[in-house]
Amino acid sequence: MYFHRQELQHKATPDKPDAVYARKLQEVLGGQYGEISVAMQYQFQAWNMHMPGKYRDLVFGIGAEEMGHVEMLAIMIAQLLEKSPLGITEEAVQDDPTVAAVIGGTDIQHGIVAGAGARPVDSNGNPWQGSFITASGNLLADFTANANAEMQGRVQVARLYHQTDDHGVKDLLAFLLARDTMHQNQWAAAAAELQEEGYESLPVPSNFPLEKEDRDVSYQYINFSDGAAAAEGRWASGPTPDGKGEFTYLASPEPGVPMPPPTHPDVRFYGTTELPNTVEKLAGRAQDALHKE
């Protein structure tokens, strides 16, 4: 059950309208690492979770908070657009290159499609996609993905913070930066606790039998670059983080194996092969006559 309370978690009021900046904010609303993504990611993770208790409650709670962040950004964008100019004549754009540049930086669909409101898109107008979210059912994999989403989102908000002088906008961004700080630490703590309690460990999924993988290369760094400095890294020697092996370093790949011959699918896929065209036509007719589908 969802219940909407008509108040915001934090103030979201700009000092002045700014249609260009409204377009920039769309990235952290409807972009790949925007608030819509994390809100939906956490909700689906909770809905798909296979065990009750603190982890499920955690994900449900943060998912609900992120829906509030979606709302704050949408309200902020609407206010940035509220008193922005509805349009401008072609002559004015031609007379003033500065005006032309400003108009070029706005999202035209903010006015045409949304009536001076926010949209579920990124800063280039690309629609938000459900494919952005990760909800695998494996909590260590999901919590690690969540930490990455919060890191990427915080990077973008931090960049936007320096692209405005509007105190109202900066106040909201400062709040969102702080919540991203919390959420990064929260997901790191949750991932660590999962491992400490024995629910999951590296490598994910930890309940897949290790003897079924090719263990000869499980911890081998293979250098596929002409750079040599990777050999200096923690990943090239010493114990592995999962505690199940030792890293080794291979300076260059072993000799490969021969490439299989080209494939020859059913001729009715009509791919070009080295066989004469007439032969393929006859083969296709024969397969049709035999009702091979």
Side-chain angles (χ1 to χ4, degrees), residues 27 31-34 37-38 41-42 44-45 48-51 55 59 122 126 129-159 180-181 183-265 269 271-274:
E27 190 63 37
Q32 180 177 359
Y33 298 108
S37 291
V38 290
Q41 179 157 306
Y42 302 163
F44 271 94
Q45 287 178 5
N48 294 345
M49 201 172 292
H50 306 304
M51 63 182 208
Y55 295 113
V59 182
D122 66 16
N126 300 309
Q129 301 179 53
S131 60
F132 292 159
I133 71 172
T134 298
S136 71
N138 183 290
L139 296 193
L140 186 52
D142 285 351
F143 291 177
T144 303
N146 295 350
N148 173 68
E150 295 287 350
M151 291 173 190
Q152 296 289 349
R154 192 170 189 275
V155 166
Q156 295 180 356
V157 174
R159 290 169 177 163
D180 286 347
T181 295
H183 295 162
Q184 285 184 36
N185 282 277
Q186 159 203 295
W187 294 124
E193 193 157 325
L194 270 174
Q195 296 177 80
E196 291 164 3
E197 295 179 341
Y199 289 114
E200 281 290 343
S201 64
L202 295 176
V204 174
S206 54
N207 55 355
F208 182 84
L210 290 181
E211 64 272 14
K212 292 185 180 296
E213 68 177 43
D214 185 352
R215 295 292 287 170
D216 290 342
V217 295
S218 291
Y219 303 113
Q220 186 178 67
Y221 180 88
I222 305 173
N223 189 25
F224 279 91
S225 169
D226 60 5
E232 303 165 8
R234 170 70 178 78
W235 52 84
S237 63
T240 57
D242 64 11
K244 299 179 176 71
E246 291 278 329
F247 284 123
T248 59
Y249 177 84
L250 192 64
S252 60
E254 298 283 0
V257 298
M259 179 74 74
T263 56
H264 291 86
F269 282 114
T272 304
T273 73
E274 76 279 12

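Residue numbers count from 1 along this sequence. Predicted model only: the values in this text are computed from it and were never measured.
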For this session: Determine, step by step, whether Leu140 and Tyr199 satisfy the side chain to side chain contact (heavy atoms under 4.5 Å, CB included) criterion, reporting the C-alpha distance in whole Å, the side-chain angles of both residues, the deciding distance to 0.1 Å, and the verdict.
Result: CA-CA 9 Å; Leu140 186 52; Tyr199 289 114; over 6 Å; no

Problem set entry | Nearest non-hydrogen partners of Pro253 and Phe224, listed with the distance | CG-CE2, 3.3 Å

Exercise. If you take all heavy atoms of Ala236 and Ala231, which pair is closest and at what distance?
Worked result: CB-O, 3.4 Å

For this session: Could you tell me whether the side chain of Pro239 reaches within less than 4.5 Å of the side chain of Arg234, counting heavy atoms only?
Result: yes

For this session: Look at the aromatic rings of Trp235 and Tyr221 and report parallel, tilted or perpendicular, splitting at 30° and 60°.
Result: tilted

Under 3.5 Å donor-acceptor pairs involving side-chain atoms of residues 184-192, not counting sequence neighbours:
| residue | atom | partner | partner atom | Å |
| --- | --- | --- | --- | --- |
| Asn185 | ND2 | Thr181 | O | 2.8 |
| Trp187 | NE1 | Tyr42 | OH | 3.2 |

Exercise. What residues form a ring pair (Phe, Tyr, Trp, His ring centres under 6.0 Å) with Phe44, not counting sequence neighbours?
Worked result: Trp47

Exercise. Under 3.5 Å, side chain of Asp142 to main-chain N/O of Gly137, donor-acceptor pair present?
Worked result: yes

Exercise. From Asn138 CG over to Phe208 CZ, what is the distance, rounded to the nearest 0.5 angstrom?
Worked result: 13.5 Å

Exercise. Given Asp180, which of Met151, Glu150, Gln152, Gln156 fulfils the side-chain contact (heavy atoms from CB on, under 4.5 Å) condition?
Worked result: Glu150

Exercise. Quick check: does any side chain N or O of Ser201 sit under 3.5 Å from a backbone N or O of Ser206, one acting as donor and the other as acceptor?
Worked result: no

For this session: Check for a donor-acceptor pair, side chain of Gln45 on one end and backbone N or O of Thr134 on the other, with a separation under 3.5 Å.
Result: yes

Exercise. Can you tell me how far CG of Leu139 sits from CD of Glu193, rounded to the nearest 0.5 angstrom?
Worked result: 12.0 Å

Exercise. CD/Gln195 to CG/Leu202 distance, rounded to the nearest 0.5 angstrom?
Worked result: 5.0 Å

Exercise. Is there a donor-acceptor contact under 3.5 Å from the side chain of Thr263 to the main chain of Pro265?
Worked result: no

Exercise. To the nearest 0.5 Å, what is the distance between CE (Met51) and CE (Met49)?
Worked result: 7.0 Å

For this session: Determine, stepwise, if the pair Glu197 / Tyr55 fulfils side chain to side chain contact (heavy atoms under 4.5 Å, CB included).
Result: CA-CA 12 Å; Glu197 295 179 341; Tyr55 295 113; 2.9 Å; yes

For this session: Using only heavy-atom distances, determine whether the side chains of Thr240 and Asp242 contain a donor-acceptor pair under 3.5 Å.
Result: yes

Exercise. Which residue pairs pass the side chain to side chain donor-acceptor pair (under 3.5 Å) test with at least one member in residues 243-255, sequence neighbours excluded?
Worked result: Asn223-Tyr249

For this session: First locate atom OH of Tyr33, then atom CD of Gln41, and finally report the distance between them rounded to the nearest 0.5 Å.
Result: 9.5 Å

Exercise. Should we count CG of Asp214 as having more than 12 external heavy atoms under 6.0 Å?
Worked result: yes

